[in-house]
Number of protein chains: 2
Amino acid sequence: MPRKICVHHSRDYPCSCGLGNLYRFVEPVVLRMLQIKGRSCGYNLCSELQEHALTDAEIDKAALYRTLRHLEANGHVKSAWEEGEGGPARRVYRLTKEGEKHLEEWTVVLENLSRSMSRFVRGARKAIADQAAKTSKAA
Amino acid sequence: MPRKICVHHSRDYPCSCGLGNLYRFVEPVVLRMLQIKGRSCGYNLCSELQEHALTDAEIDKAALYRTLRHLEANGHVKSAWEEGEGGPARRVYRLTKEGEKHLEEWTVVLENLSRSMSRFVRGARKAIADQAAKTSKAA
DNA sequence: GGAAGGTAGATGCGATATACATCTAGATGA
DNA sequence: TCATCTAGATGTATATCGCATCTACCTTCC
């Protein structure tokens, strides 16, 4: 998933180094949406994206469209124009094999990230509780 | 935790909107380190930061020092110069009360993020498994 | 027929952030 | 005195973000 290949890890380990410059968590969400829906155009994705978003940051239309083009440039999705039923033509996207793989990589990255975050949370919470216990005892 | 106040949520809910432009997850880690160590200078934090990092992206020296100055500018940490034992003087940081609160906010944000990520992972994994079951059955 | 409004996609651009290199400067040691 | 280590800070090209704006098609309604 890194935009540029990570120099710290082996080629096939999906490290989270690339999160350094993450595309606002939108890339994995787009991939997941296409996995669910099979095929969709940017506009429809946009409206449903929020429900599957990882953060509660509002996903930017511009970011979405740019992410789709970026994914296509990397062969993760493929698009085709379709006549719109009532409305302008729409560019309909679907996942490619590589895209499915890319999503799996993202899954590993997010799994690790999720784990390290919950570890962080546990640790910080415990420290706060211990601190509180100590001060209440002292009083 | 957002660098600029979020316009989508109430003032006191620590939303993850600010993650849009996250400081590479380094801010919470620095706060946590200071919670653990009580007091430390940038140089020492740097060497131990990696163990507590959320991602396996290497934390940048420059990012660390800038984050510390940023935290201090916002009143989350406080620094004082100390004579170094063998070596140049060091700027020693400690958490302020506001910093502790800031860490608690981060904790909530990361907790939510961790949860939505693991939900994402479960969903994507299940979809992959279902897909695999279907194709093996068809064969 | 033409103005208004909704659908769909794309672009422009200033402000920030990131990554990486470089710089200052005191202390130590050969 | 020259190199090296410790400690902190800065410079800068490039990438990304956020927000506004633009094109263009289609439908509806006056």
Side-chain angles (χ1 to χ4, degrees), chain A residues 1-8 15-27 29-30 39-49 53 55-74 77 79-93, chain B residues 1-8 16-27 29-30 39-49 53 55-73 77 79-93:
Chain A
M1 48 111 314
R3 230 155 228 218
K4 31 185 189 177
I5 24 154
C6 167
V7 293
H8 307 300
C15 73
S16 49
C17 289
L19 275 183
N21 43 329
L22 78 170
Y23 348 119
R24 261 181 118 234
F25 297 114
V26 30
E27 193 172 292
V29 179
V30 168
R39 54 206 304 293
S40 185
C41 67
Y43 192 81
N44 287 340
L45 285 174
C46 199
S47 51
E48 296 169 61
L49 216 48
T55 74
D56 33 34
E58 205 165 325
I59 289 175
D60 189 39
K61 254 163 49 83
L64 170 62
Y65 283 114
R66 279 200 257 252
T67 299
L68 284 167
R69 313 297 257 118
H70 177 81
L71 283 169
E72 181 155 33
N74 291 338
V77 303
S79 74
W81 284 99
E82 274 184 25
E83 289 310 305
E85 314 109 6
R90 46 186 61 187
R91 195 194 276 270
V92 176
Y93 290 89
Chain B
M1 51 111 307
R3 229 157 230 214
K4 34 183 186 180
I5 25 157
C6 167
V7 292
H8 307 299
S16 48
C17 290
L19 273 182
N21 43 330
L22 77 170
Y23 349 119
R24 260 181 120 233
F25 297 114
V26 29
E27 193 174 289
V29 180
V30 168
R39 54 206 306 292
S40 185
C41 67
Y43 192 81
N44 286 340
L45 285 173
C46 197
S47 51
E48 296 168 59
L49 217 48
T55 74
D56 34 37
E58 206 166 324
I59 289 175
D60 189 39
K61 252 163 51 83
L64 169 62
Y65 282 115
R66 279 201 254 252
T67 298
L68 284 167
R69 312 298 257 118
H70 177 79
L71 284 169
E72 181 155 33
V77 303
S79 74
W81 284 100
E82 275 184 25
E83 288 310 305
E85 313 110 5
R90 46 185 61 185
R91 195 193 275 270
V92 176
Y93 289 90

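Just so we're on the same page: letters track the sequence lines, and every chain starts at 1.
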Asker: Starting at the 5' end of DNA chain C, which residue's closest nucleotide do you reach first, A:K61 or B:G86?
Answerer: A:K61
Asker: Looking at OH of A:Y65 and SG of A:C41, how far apart are the two atoms once the value is rounded to the nearest 0.5 Å?
Answerer: 6.5 Å
Asker: Just to confirm, is there a sub-4.0 Å distance from OP1 or OP2 of C:dG9 to any side-chain nitrogen or oxygen of A:Y43?
Answerer: no
Asker: Identify whether any heavy atom of B:R69 sits under 4.0 Å from a base atom; if not, whether one sits that close to sugar-phosphate; answer base, sugar-phosphate or nothing.
Answerer: sugar-phosphate
Asker: Taking CZ from B:F25 and P from C:dA19, how many angstroms apart are they, rounded to a whole number?
Answerer: 12 Å
Asker: Which of these nucleotides, C:dG9, D:dC19, D:dA9, is closest to any side-chain atom of A:A62?
Answerer: D:dC19
Asker: Taking atom CZ as the centre, does A:R39 end up with more than 12 heavy-atom neighbours from other residues, nucleotides or ligands that are less than 6.0 angstrom away?
Answerer: no
Asker: CG of A:L71 versus P of C:dG9: gap in Å, rounded?
Answerer: 15 Å
Asker: With the side chain of A:R66 defined as its heavy atoms from C-beta on, choose the nearest nucleotide among D:dA9, C:dC20, C:dG12.
Answerer: C:dG12
Asker: If I take atom CD in residue A:E82 and atom P in nucleotide D:dC25, what distance separates them, rounded to the nearest angstrom?
Answerer: 18 Å
Asker: Nearest-Å distance, CG (A:L64) to C1' (C:dA10)?
Answerer: 12 Å
Asker: Check every strand shown and say whether A:C41 touches a base, only sugar-phosphate, or nothing at a heavy-atom separation below 4.0 Å.
Answerer: sugar-phosphate
Asker: If you compare every side-chain N and O of B:Y65 against the phosphate oxygens of D:dG8 (OP1, OP2), does one of them come in below 4.0 Å?
Answerer: yes
Asker: Report yes if at least one side-chain N or O of B:R91 is closer than 4.0 Å to OP1 or OP2 of D:dA9; otherwise report no.
Answerer: yes
Asker: Tell me the interatomic distance from B:E83, atom CD, to D:dG8, atom C1', rounded to whole angstroms.
Answerer: 14 Å
Asker: Using whole Å, report how far CD of A:E27 lies from P of D:dA15.
Answerer: 17 Å
Asker: At what distance, to the nearest 0.5 angstrom, does CG of B:L68 lie from CZ of B:R66?
Answerer: 12.0 Å
Asker: Go through the steps to decide whether B:S79 and B:R91 satisfy the test side chain to side chain contact (heavy atoms under 4.5 Å, CB included), and finish with yes or no.
Answerer: CA-CA 6 Å; B:S79 74; B:R91 195 193 275 270; 3.1 Å; yes
Asker: Quick one about B:T67 and B:E27 (side-chain donor to acceptor, distance below 3.5 Å, no hydrogens or angles considered), yes or no?
Answerer: no
Asker: The side chain of B:P88 lies closest to which of these nucleotides: C:dA25, C:dA10, D:dG8?
Answerer: C:dA25
Asker: Atom CG of A:L45 to atom C1' of C:dG9: distance rounded to whole Å?
Answerer: 13 Å
Asker: Starting from P on D:dT14, measure out to CG on B:D60 and report it in whole angstrom.
Answerer: 18 Å
